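What follows is a set of notes on a single structure, which appears directly below.
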Amino acid sequence: MRVIVQREPEDGMKTGLELLCVMRAVLKKIKRRVLVGDKVVVGSIDWVERRGVIENVFQRSSEIVDPPVANVDRLLVLFSMEQPPVEPFMLTRFLVEAESYRIPLTLALNKTELVDEETLFAWKNRLRSWGYEPVFCSVETKNGLDSLAFYLRDLTTVIVGPSGVGKSSLINVLRSDHRATDSLEGDNLFDPISGSKWFEDQRVGEVSTRSGRGKHTTRHVSLLPLLGGGYVADTPGFNQPSLLKVTKQSLAQAFPEIRKMLKDSEPAKCSFNDCLHLGEPGCIVKGDWERYPYYFQLLDEIRIREEFQLRTFGTKREGDVRYKVGDMGVQQAEPRLEPKKHRRQSRKRINQSLLDELDELEDDDDSLDLENDPIIRAIENENQ
Ligand SMILES: Nc1nc2c(ncn2[C@@H]2O[C@H](COP(=O)(O)OP(=O)(O)OP(=O)(O)O)[C@@H](O)[C@H]2O)c(=O)[nH]1
Ligand SMILES: [Mg+2]
Ligand SMILES: [Zn+2]
(Lines give C-alpha, C1' and ligand atoms only; values in the text may rest on other atoms or scores of the structure.)
(Ligands and ions follow the chains in the order given, each with its own letter.)
Protein backbone atom coordinates (compact mmCIF):
# COMPACT_ATOMS: atom_id res chain seq x y z
CA MET A 1 0.00 0.00 0.00
CA ARG A 2 1.11 3.51 -0.69
CA VAL A 3 1.20 5.75 2.34
CA ILE A 4 1.83 9.48 2.27
CA VAL A 5 3.86 10.95 5.08
CA GLN A 6 3.06 14.64 5.19
CA ARG A 7 4.99 17.43 6.81
CA GLU A 8 3.71 20.94 7.37
CA PRO A 9 6.53 23.32 8.21
CA GLU A 10 6.00 26.90 9.40
CA ASP A 11 6.06 28.51 5.98
CA GLY A 12 2.80 26.71 5.19
CA MET A 13 4.27 24.80 2.27
CA LYS A 14 3.07 21.26 2.47
CA THR A 15 5.60 18.64 1.58
CA GLY A 16 5.54 14.94 1.93
CA LEU A 17 6.72 11.71 0.56
CA GLU A 18 5.29 8.42 -0.38
CA LEU A 19 6.23 5.10 1.21
CA LEU A 20 5.49 1.62 -0.04
CA CYS A 21 4.14 -0.32 2.92
CA VAL A 22 3.02 -3.78 3.87
CA MET A 23 0.56 -4.55 6.63
CA ARG A 24 1.77 -5.94 9.92
CA ALA A 25 0.96 -9.66 10.00
CA VAL A 26 -1.17 -9.40 13.12
CA LEU A 27 -3.45 -6.88 11.42
CA LYS A 28 -4.06 -9.38 8.68
CA LYS A 29 -4.69 -12.08 11.22
CA ILE A 30 -7.42 -10.12 12.95
CA LYS A 31 -8.74 -9.24 9.49
CA ARG A 32 -8.34 -5.52 10.06
CA ARG A 33 -8.85 -3.88 6.72
CA VAL A 34 -6.99 -0.87 5.49
CA LEU A 35 -9.15 1.20 3.18
CA VAL A 36 -8.25 3.85 0.68
CA GLY A 37 -8.24 7.04 2.75
CA ASP A 38 -7.31 5.45 6.05
CA LYS A 39 -4.96 7.22 8.43
CA VAL A 40 -2.36 4.75 9.63
CA VAL A 41 0.60 4.35 11.95
CA VAL A 42 3.72 3.40 10.02
CA GLY A 43 6.75 1.78 11.65
CA SER A 44 10.06 0.15 10.67
CA ILE A 45 10.61 2.86 8.10
CA ASP A 46 13.50 2.57 5.70
CA TRP A 47 13.78 6.17 4.47
CA VAL A 48 16.26 5.26 1.76
CA GLU A 49 14.32 2.43 0.19
CA ARG A 50 11.05 4.17 1.08
CA ARG A 51 9.57 1.11 2.74
CA GLY A 52 7.52 0.74 5.91
CA VAL A 53 5.08 -1.42 7.82
CA ILE A 54 1.53 -0.39 8.65
CA GLU A 55 1.22 -1.01 12.37
CA ASN A 56 -2.27 0.23 13.05
CA VAL A 57 -5.26 2.00 11.61
CA PHE A 58 -6.82 5.08 13.21
CA GLN A 59 -10.51 5.29 13.83
CA ARG A 60 -12.42 6.49 10.79
CA SER A 61 -14.47 9.68 10.78
CA SER A 62 -16.59 8.23 7.99
CA GLU A 63 -16.66 5.23 5.74
CA ILE A 64 -18.45 4.69 2.50
CA VAL A 65 -19.07 1.21 1.12
CA ASP A 66 -19.43 1.52 -2.59
CA PRO A 67 -16.67 2.37 -3.42
CA PRO A 68 -14.86 1.55 -0.15
CA VAL A 69 -13.15 4.74 1.06
CA ALA A 70 -12.48 5.94 4.61
CA ASN A 71 -12.44 9.46 6.09
CA VAL A 72 -14.42 11.08 3.30
CA ASP A 73 -15.35 14.73 3.97
CA ARG A 74 -17.48 15.36 0.93
CA LEU A 75 -19.27 13.52 -1.83
CA LEU A 76 -19.42 15.11 -5.23
CA VAL A 77 -22.28 13.72 -7.28
CA LEU A 78 -21.43 14.46 -10.89
CA PHE A 79 -23.82 14.14 -13.81
CA SER A 80 -23.68 15.62 -17.29
CA MET A 81 -26.31 17.65 -19.15
CA GLU A 82 -25.82 15.59 -22.30
CA GLN A 83 -23.78 12.58 -23.39
CA PRO A 84 -25.22 11.04 -21.28
CA PRO A 85 -28.22 13.26 -20.44
CA VAL A 86 -29.53 13.58 -16.88
CA GLU A 87 -32.00 10.86 -16.02
CA PRO A 88 -34.02 12.09 -13.04
CA PHE A 89 -34.60 8.70 -11.46
CA MET A 90 -30.97 7.65 -11.77
CA LEU A 91 -29.92 11.02 -10.35
CA THR A 92 -32.32 10.42 -7.46
CA ARG A 93 -30.70 7.04 -6.76
CA PHE A 94 -27.25 8.62 -6.62
CA LEU A 95 -28.49 11.44 -4.38
CA VAL A 96 -30.27 9.03 -2.04
CA GLU A 97 -27.15 6.86 -1.75
CA ALA A 98 -25.00 9.95 -1.12
CA GLU A 99 -27.44 11.35 1.46
CA SER A 100 -27.49 8.02 3.28
CA TYR A 101 -23.82 8.39 4.26
CA ARG A 102 -24.60 11.68 6.01
CA ILE A 103 -21.52 13.30 4.54
CA PRO A 104 -21.81 16.81 3.03
CA LEU A 105 -22.65 16.51 -0.64
CA THR A 106 -22.33 18.70 -3.68
CA LEU A 107 -24.25 18.14 -6.88
CA ALA A 108 -22.55 19.23 -10.08
CA LEU A 109 -23.69 19.06 -13.69
CA ASN A 110 -20.98 18.87 -16.33
CA LYS A 111 -20.90 19.41 -20.11
CA THR A 112 -23.07 22.54 -19.84
CA GLU A 113 -21.73 23.77 -23.17
CA LEU A 114 -23.76 21.05 -24.90
CA VAL A 115 -27.12 22.60 -23.99
CA ASP A 116 -28.69 26.06 -24.20
CA GLU A 117 -29.30 28.58 -21.43
CA GLU A 118 -32.99 27.77 -21.10
CA THR A 119 -32.27 24.12 -20.47
CA LEU A 120 -29.76 25.02 -17.75
CA PHE A 121 -32.22 27.44 -16.21
CA ALA A 122 -35.00 24.84 -16.23
CA TRP A 123 -32.75 22.26 -14.56
CA LYS A 124 -31.58 24.75 -12.00
CA ASN A 125 -35.17 25.44 -10.94
CA ARG A 126 -36.08 21.80 -11.05
CA LEU A 127 -33.19 20.75 -8.83
CA ARG A 128 -33.91 23.62 -6.48
CA SER A 129 -37.38 22.20 -6.01
CA TRP A 130 -35.67 18.93 -5.07
CA GLY A 131 -33.70 20.82 -2.42
CA TYR A 132 -30.35 21.10 -4.21
CA GLU A 133 -28.26 24.03 -5.46
CA PRO A 134 -26.34 22.46 -8.35
CA VAL A 135 -22.97 23.68 -9.58
CA PHE A 136 -22.97 23.89 -13.37
CA CYS A 137 -19.63 23.27 -15.00
CA SER A 138 -17.89 22.30 -18.17
CA VAL A 139 -14.51 20.63 -18.23
CA GLU A 140 -14.46 21.52 -21.92
CA THR A 141 -14.86 25.32 -21.52
CA LYS A 142 -13.54 25.43 -17.89
CA ASN A 143 -16.74 27.12 -16.80
CA GLY A 144 -17.64 26.66 -13.13
CA LEU A 145 -14.41 24.88 -12.26
CA ASP A 146 -13.38 27.57 -9.80
CA SER A 147 -16.43 26.98 -7.62
CA LEU A 148 -15.80 23.25 -7.72
CA ALA A 149 -12.14 23.69 -6.79
CA PHE A 150 -13.33 25.80 -3.89
CA TYR A 151 -15.65 23.05 -2.64
CA LEU A 152 -12.89 20.43 -2.83
CA ARG A 153 -10.07 22.40 -1.31
CA ASP A 154 -8.32 20.76 1.65
CA LEU A 155 -10.92 18.01 1.87
CA THR A 156 -11.06 14.36 0.93
CA THR A 157 -13.73 14.13 -1.73
CA VAL A 158 -15.14 11.14 -3.53
CA ILE A 159 -16.60 11.80 -6.94
CA VAL A 160 -19.46 9.54 -7.92
CA GLY A 161 -21.74 9.48 -10.93
CA PRO A 162 -22.64 7.41 -13.98
CA SER A 163 -20.09 6.37 -16.55
CA GLY A 164 -19.10 8.97 -19.11
CA VAL A 165 -20.18 12.13 -17.27
CA GLY A 166 -16.58 13.36 -16.97
CA LYS A 167 -15.42 12.40 -13.46
CA SER A 168 -11.90 11.52 -14.55
CA SER A 169 -11.73 14.49 -16.92
CA LEU A 170 -12.72 16.82 -14.08
CA ILE A 171 -10.06 15.36 -11.80
CA ASN A 172 -7.41 15.74 -14.48
CA VAL A 173 -8.24 19.38 -15.07
CA LEU A 174 -8.39 20.14 -11.35
CA ARG A 175 -5.00 18.52 -10.92
CA SER A 176 -3.26 20.19 -13.83
CA ASP A 177 -3.82 23.45 -15.65
CA HIS A 178 -6.28 24.70 -13.09
CA ARG A 179 -3.53 25.04 -10.53
CA ALA A 180 -2.11 28.11 -12.26
CA THR A 181 -5.12 30.22 -11.33
CA ASP A 182 -6.16 28.56 -8.15
CA SER A 183 -3.17 27.80 -6.00
CA LEU A 184 0.47 28.47 -5.49
CA GLU A 185 2.91 26.85 -7.81
CA GLY A 186 4.60 23.92 -6.08
CA ASP A 187 2.08 23.78 -3.28
CA ASN A 188 1.37 20.35 -1.79
CA LEU A 189 4.47 18.75 -3.23
CA PHE A 190 4.64 15.04 -2.83
CA ASP A 191 7.64 13.00 -3.63
CA PRO A 192 6.22 9.82 -5.11
CA ILE A 193 7.88 6.42 -5.15
CA SER A 194 8.84 5.21 -8.57
CA GLY A 195 6.00 3.62 -10.49
CA SER A 196 3.48 5.72 -8.60
CA LYS A 197 0.53 6.81 -10.67
CA TRP A 198 -0.34 9.78 -8.51
CA PHE A 199 0.94 12.36 -10.86
CA GLU A 200 -0.32 10.72 -13.97
CA ASP A 201 -3.61 11.72 -15.51
CA GLN A 202 -6.66 9.60 -15.01
CA ARG A 203 -7.67 7.70 -18.09
CA VAL A 204 -10.54 9.32 -19.87
CA GLY A 205 -12.91 7.34 -22.03
CA GLU A 206 -14.86 7.93 -25.14
CA VAL A 207 -18.60 8.11 -24.87
CA SER A 208 -20.05 5.37 -27.01
CA THR A 209 -21.98 7.10 -29.75
CA ARG A 210 -24.75 4.55 -29.87
CA SER A 211 -25.74 4.65 -26.19
CA GLY A 212 -24.39 8.10 -25.36
CA ARG A 213 -22.75 6.52 -22.31
CA GLY A 214 -19.20 6.09 -21.20
CA LYS A 215 -17.50 2.74 -21.31
CA HIS A 216 -16.37 2.33 -17.69
CA THR A 217 -12.93 3.67 -18.25
CA THR A 218 -12.02 4.00 -14.59
CA ARG A 219 -11.74 0.62 -12.92
CA HIS A 220 -10.22 1.19 -9.50
CA VAL A 221 -10.69 3.56 -6.62
CA SER A 222 -7.67 5.74 -6.01
CA LEU A 223 -7.09 8.77 -3.84
CA LEU A 224 -5.22 11.52 -5.64
CA PRO A 225 -3.62 14.58 -4.05
CA LEU A 226 -5.02 17.88 -5.30
CA LEU A 227 -2.44 20.52 -6.02
CA GLY A 228 -4.22 23.08 -3.85
CA GLY A 229 -4.40 20.65 -0.91
CA GLY A 230 -6.83 17.86 -0.21
CA TYR A 231 -7.51 14.60 -1.98
CA VAL A 232 -9.97 13.38 -4.48
CA ALA A 233 -11.02 9.83 -5.25
CA ASP A 234 -12.00 8.92 -8.74
CA THR A 235 -14.46 6.05 -8.96
CA PRO A 236 -15.72 3.85 -11.76
CA GLY A 237 -19.07 5.08 -12.96
CA PHE A 238 -21.83 2.70 -12.06
CA ASN A 239 -25.34 3.42 -13.04
CA GLN A 240 -26.95 1.61 -10.13
CA PRO A 241 -25.95 2.63 -6.62
CA SER A 242 -26.75 -0.29 -4.32
CA LEU A 243 -28.67 1.67 -1.64
CA LEU A 244 -27.61 -1.08 0.78
CA LYS A 245 -27.36 1.29 3.74
CA VAL A 246 -30.82 2.68 3.15
CA THR A 247 -33.73 1.18 5.02
CA LYS A 248 -37.44 1.76 4.65
CA GLN A 249 -37.32 3.96 7.72
CA SER A 250 -34.26 5.96 6.72
CA LEU A 251 -35.27 6.55 3.09
CA ALA A 252 -37.44 9.58 3.89
CA GLN A 253 -34.44 11.35 5.45
CA ALA A 254 -32.60 11.05 2.13
CA PHE A 255 -35.17 13.31 0.44
CA PRO A 256 -34.69 17.02 1.26
CA GLU A 257 -38.32 17.60 0.23
CA ILE A 258 -39.58 15.31 2.99
CA ARG A 259 -37.12 16.69 5.52
CA LYS A 260 -38.42 20.17 4.78
CA MET A 261 -42.10 19.21 5.00
CA LEU A 262 -41.51 17.54 8.35
CA LYS A 263 -39.57 20.51 9.65
CA ASP A 264 -42.02 23.12 8.40
CA SER A 265 -44.94 21.41 10.07
CA GLU A 266 -43.28 21.24 13.48
CA PRO A 267 -44.43 20.79 16.19
CA ALA A 268 -47.12 18.79 14.39
CA LYS A 269 -46.03 15.27 13.45
CA CYS A 270 -47.33 12.33 11.44
CA SER A 271 -49.79 10.39 13.58
CA PHE A 272 -47.73 7.21 13.40
CA ASN A 273 -44.29 7.38 14.94
CA ASP A 274 -42.67 5.31 12.22
CA CYS A 275 -44.76 6.72 9.41
CA LEU A 276 -43.46 5.70 5.97
CA HIS A 277 -45.25 8.74 4.49
CA LEU A 278 -47.43 6.87 2.08
CA GLY A 279 -50.17 9.45 2.18
CA GLU A 280 -52.26 7.86 4.92
CA PRO A 281 -54.59 10.17 6.82
CA GLY A 282 -52.61 11.90 9.54
CA CYS A 283 -49.40 11.97 7.46
CA ILE A 284 -47.66 15.34 7.17
CA VAL A 285 -46.05 14.50 3.81
CA LYS A 286 -48.29 15.45 0.92
CA GLY A 287 -47.96 14.10 -2.58
CA ASP A 288 -47.60 17.35 -4.54
CA TRP A 289 -43.90 17.18 -5.30
CA GLU A 290 -42.07 15.87 -8.33
CA ARG A 291 -40.09 13.05 -6.78
CA TYR A 292 -42.87 11.53 -4.72
CA PRO A 293 -43.28 8.68 -7.25
CA TYR A 294 -39.53 8.01 -7.01
CA TYR A 295 -39.81 7.86 -3.24
CA PHE A 296 -42.54 5.25 -3.64
CA GLN A 297 -40.55 3.27 -6.15
CA LEU A 298 -37.42 3.19 -4.00
CA LEU A 299 -39.42 2.34 -0.91
CA ASP A 300 -40.85 -0.61 -2.78
CA GLU A 301 -37.43 -1.73 -3.96
CA ILE A 302 -36.02 -1.53 -0.43
CA ARG A 303 -39.04 -3.37 0.97
CA ILE A 304 -38.51 -6.21 -1.51
CA ARG A 305 -34.81 -6.39 -0.67
CA GLU A 306 -35.51 -6.41 3.07
CA GLU A 307 -38.09 -9.16 2.65
CA PHE A 308 -35.67 -11.21 0.58
CA GLN A 309 -33.02 -10.83 3.26
CA LEU A 310 -35.49 -11.68 5.97
CA ARG A 311 -36.66 -14.78 4.10
CA THR A 312 -33.20 -15.95 3.21
CA PHE A 313 -31.33 -15.27 6.44
CA GLY A 314 -34.04 -14.69 9.00
CA THR A 315 -32.52 -11.32 9.67
CA LYS A 316 -31.73 -8.07 7.96
CA ARG A 317 -28.49 -6.27 7.69
CA GLU A 318 -26.59 -3.96 10.00
CA GLY A 319 -28.25 -0.59 10.32
CA ASP A 320 -31.62 -2.20 9.92
CA VAL A 321 -34.26 -2.39 12.52
CA ARG A 322 -36.38 -5.40 13.28
CA TYR A 323 -40.10 -5.18 13.09
CA LYS A 324 -42.58 -6.61 15.46
CA VAL A 325 -46.25 -6.41 14.78
CA GLY A 326 -47.82 -4.40 17.55
CA ASP A 327 -51.40 -3.54 18.43
CA MET A 328 -53.81 -3.40 15.53
CA GLY A 329 -51.23 -4.81 13.14
CA VAL A 330 -49.14 -1.65 13.13
CA GLN A 331 -45.49 -2.34 12.49
CA GLN A 332 -43.17 -1.06 15.16
CA ALA A 333 -39.49 -0.63 14.72
CA GLU A 334 -37.17 -2.11 17.27
CA PRO A 335 -33.42 -1.57 17.26
CA ARG A 336 -31.33 -4.68 17.03
CA LEU A 337 -29.55 -5.34 20.27
CA GLU A 338 -26.69 -7.70 19.52
CA PRO A 339 -23.25 -6.37 20.41
CA LYS A 340 -21.29 -4.94 17.52
CA LYS A 341 -18.72 -7.70 17.40
CA HIS A 342 -21.22 -10.44 16.84
CA ARG A 343 -23.04 -8.40 14.33
CA ARG A 344 -19.88 -7.95 12.32
CA GLN A 345 -19.17 -11.65 12.20
CA SER A 346 -22.67 -12.64 11.40
CA ARG A 347 -22.88 -10.02 8.72
CA LYS A 348 -19.83 -11.46 7.12
CA ARG A 349 -21.33 -14.90 7.26
CA ILE A 350 -24.54 -13.58 5.81
CA ASN A 351 -22.68 -11.91 3.00
CA GLN A 352 -20.76 -15.05 2.25
CA SER A 353 -23.86 -17.19 2.24
CA LEU A 354 -25.58 -14.68 -0.02
CA LEU A 355 -22.65 -14.90 -2.40
CA ASP A 356 -22.69 -18.71 -2.26
CA GLU A 357 -26.36 -18.73 -2.89
CA LEU A 358 -25.99 -16.46 -5.84
CA ASP A 359 -23.16 -18.60 -7.17
CA GLU A 360 -25.57 -21.49 -7.22
CA LEU A 361 -28.24 -19.34 -8.77
CA GLU A 362 -25.83 -18.33 -11.45
CA ASP A 363 -25.43 -21.93 -12.56
CA ASP A 364 -29.00 -22.26 -13.65
CA ASP A 365 -29.63 -18.65 -14.61
CA ASP A 366 -26.90 -17.17 -16.71
CA SER A 367 -28.90 -14.02 -17.38
CA LEU A 368 -27.86 -12.85 -13.92
CA ASP A 369 -25.17 -10.20 -14.27
CA LEU A 370 -23.22 -10.82 -11.08
CA GLU A 371 -20.23 -8.74 -11.94
CA ASN A 372 -22.28 -5.62 -12.44
CA ASP A 373 -24.86 -6.19 -9.78
CA PRO A 374 -24.57 -3.27 -7.35
CA ILE A 375 -25.56 -5.27 -4.29
CA ILE A 376 -23.10 -8.08 -4.99
CA ARG A 377 -20.40 -5.54 -5.65
CA ALA A 378 -21.01 -3.75 -2.36
CA ILE A 379 -21.09 -7.02 -0.43
CA GLU A 380 -17.86 -8.14 -2.00
CA ASN A 381 -16.32 -4.79 -1.08
CA GLU A 382 -17.43 -5.26 2.50
CA ASN A 383 -15.99 -8.76 2.62
CA GLN A 384 -12.60 -7.91 1.23
N1 LIG B 1 -18.47 17.95 -24.42
C2 LIG B 1 -17.87 17.67 -23.27
N3 LIG B 1 -17.27 16.48 -23.10
C4 LIG B 1 -16.68 16.24 -21.92
C5 LIG B 1 -16.67 17.18 -20.87
N6 LIG B 1 -16.02 16.64 -19.81
C7 LIG B 1 -15.65 15.40 -20.19
N8 LIG B 1 -16.04 15.15 -21.47
C9 LIG B 1 -15.82 13.91 -22.26
O10 LIG B 1 -16.65 12.87 -21.75
C11 LIG B 1 -16.03 11.61 -22.00
C12 LIG B 1 -16.05 10.76 -20.73
O13 LIG B 1 -15.23 11.36 -19.76
P14 LIG B 1 -14.58 10.58 -18.54
O15 LIG B 1 -13.83 11.60 -17.75
O16 LIG B 1 -13.85 9.39 -18.99
O17 LIG B 1 -15.90 10.11 -17.78
P18 LIG B 1 -15.98 9.29 -16.40
O19 LIG B 1 -17.12 9.89 -15.66
O20 LIG B 1 -14.66 9.27 -15.73
O21 LIG B 1 -16.38 7.83 -16.94
P22 LIG B 1 -16.08 6.40 -16.23
O23 LIG B 1 -14.64 6.35 -15.88
O24 LIG B 1 -16.51 5.43 -17.28
O25 LIG B 1 -16.98 6.34 -15.02
C26 LIG B 1 -14.63 11.92 -22.52
O27 LIG B 1 -14.65 11.77 -23.92
C28 LIG B 1 -14.42 13.36 -22.13
O29 LIG B 1 -13.54 14.02 -23.01
C30 LIG B 1 -17.31 18.45 -21.08
O31 LIG B 1 -17.36 19.36 -20.25
N32 LIG B 1 -17.89 18.63 -22.30
MG1 LIG C 1 -13.41 7.72 -15.19
ZN1 LIG D 1 -45.95 10.53 7.34
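Here, residue 1 is the first one in the sequence, and each next residue gets the next number. Hydrogens, waters and symmetry mates play no part in the numbers below; they use all other heavy atoms, side chains included. Whatever order the structure lists ligands and atoms in, that order sets their numbers, starting from 1. This structure is a prediction, so every number in the text was calculated from the model and none was measured.
Note on R303 versus E307: salt bridge recorded, some NZ/NE/NH1/NH2 to OD/OE distance being below 4.0 Å. Classification of R259 and E99 as a salt-bridged pair holds, one side-chain N sitting under 4.0 Å from a carboxylate O.
Within a 6.0 Å radius of OH in Y101, more than 12 heavy atoms belonging to other residues, nucleotides or ligands are found. Under a cut-off of 6.0 angstrom, the local environment of NZ in K286 is crowded, with over 12 non-hydrogen atoms contributed by other residues, nucleotides or ligands.
No hydrogens or angles considered: a donor-acceptor pair under 3.5 Å links the side chains of N56 and R32. Side chains of S169 and N172: no donor on one and acceptor on the other come within 3.5 Å.
Chaining together hydrophobic side chains whose heavy atoms lie under 4.5 Å apart leaves V26 on its own.
Scored by the side chain to side chain donor-acceptor pair (under 3.5 Å) test, S129 finds no partners at all (sequence neighbours excluded). With sequence neighbours excluded, the residues satisfying ring pair (Phe, Tyr, Trp, His ring centres under 6.0 Å) with F296 are Y292.
Inclusion of S169 in the first shell of the Mg ion (ligand 2) is not supported: no N, O or S atom falls under 2.8 Å.
Taking distances strictly below 2.8 Å, the protein N/O/S atoms close to the Zn ion (ligand 3) are C270 SG, C275 SG, H277 ND1, C283 SG.
Across K111, E140, E113, heavy-atom proximity to atom 1 (N) of ligand 1 is greatest for E113.
When each atom of ligand 1 is checked for a heavy atom of L114 under 4.0 Å away, the hits are 1 (N).
For S169, a nitrogen or oxygen atom sits less than 3.5 Å from a nitrogen or oxygen atom of ligand 1, counting backbone and side chain alike. Residue K167 has at least one N or O atom closer than 3.5 Å to an N or O atom of ligand 1. For ligand 1, the polar-atom distance check against N110 finds a nitrogen or oxygen pair separated by under 3.5 Å.
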